[in-house]
Amino acid sequence: MDVRYVCPHCGMEVGRLSGSHLTEVQLGFHSLTLEERSDIIAYSPNGEVTVKVTCDYCKQALETHPELMLVANPLQ
């Protein structure tokens, strides 16, 4: 399983994990609700998993300017 972590706000790739040994339990996916999983995780036909995580830059910008959360794509 290849797992790609991408910021949903700016699109920057935050990280990548590769390996057939990775399991959803090791990645912590098992602790998410079905709704959280559908919001955060996307599975592609080629087997790659994309996980939405906010990068440090966007986290800081959103904490400093919370009104940006009202805009559809605040940091793109």
Side-chain angles (χ1 to χ4, degrees):
M1 172 189 320
D2 289 337
V3 183
R4 189 173 159 241
Y5 293 88
V6 177
C7 180
H9 305 289
C10 68
M12 183 177 91
E13 184 173 297
V14 178
R16 182 181 288 268
L17 295 172
S18 296
S20 59
H21 64 283
L22 296 173
T23 66
E24 292 195 356
V25 172
Q26 289 174 316
L27 296 170
F29 296 171
H30 70 291
S31 64
L32 299 172
T33 66
L34 291 177
E35 185 178 346
E36 290 169 333
R37 287 175 74 101
S38 66
D39 289 344
I40 298 169
I41 303 169
Y43 298 89
S44 70
N46 68 356
E48 184 176 81
V49 178
T50 301
V51 182
K52 296 178 190 174
V53 293
T54 303
C55 70
D56 290 338
Y57 172 78
C58 290
K59 180 178 182 251
Q60 182 179 10
L62 292 168
E63 286 174 351
T64 305
H65 303 284
E67 67 276 8
L68 291 174
M69 291 300 290
L70 300 174
V71 181
N73 291 315
L75 303 170
Q76 289 188 1

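Computed over heavy atoms, backbone and side chain alike; hydrogens, waters and symmetry mates excluded.
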* To do: Without swapping roles, check the side chain of Arg16 against the backbone of Asp2 for a donor-acceptor pair under 3.5 Å.
  => no
* Kindly say whether Glu48 contributes a backbone atom to a donor-acceptor pair with the side chain of Ser44 at under 3.5 angstrom? => yes
Same cluster or not: [X] versus [Y], using hydrophobic residues (I, L, V, M, F, W, Y) connected whenever any side-chain heavy atoms lie under 4.5 Å apart?
X     : Y     : value
Leu27 : Tyr43 : yes
Val14 : Leu32 : yes
Val3  : Ile41 : yes

Distance-minimising heavy-atom pair for [X] and [Y]:
X     : Y     : answer
Cys58 : Cys7  : SG-SG, 3.7 Å
Arg37 : His30 : NH1-N, 4.0 Å
His9  : Leu62 : NE2-CD1, 3.6 Å
Thr33 : Glu36 : N-OE1, 2.8 Å

* Asked: Would Ile40 and Phe29 count as a side chain to side chain contact (heavy atoms under 4.5 Å, CB included) if you check the C-alpha gap in whole Å, the side-chain angles of each, and the deciding distance to 0.1 Å?
  -> CA-CA 10 Å; Ile40 298 169; Phe29 296 171; over 6 Å; no
* Check the surroundings of atom CD in Glu13: do more than 12 heavy atoms from other residues, nucleotides or ligands lie under 6.0 Å from it? => yes
* Take atom CD of Glu67 as the centre, draw a 6.0 Å sphere, and report whether it contains more than 12 heavy atoms from other residues, nucleotides or ligands. => yes
* To do: Please assess Leu22 against Val49 for the test side chain to side chain contact (heavy atoms under 4.5 Å, CB included), listing each intermediate value before the final yes or no.
  => CA-CA 11 Å; Leu22 296 173; Val49 178; over 6 Å; no
* Please round to the nearest 0.5 Å and tell me the distance separating atom NE2 of His65 and atom CD of Gln60. => 9.0 Å
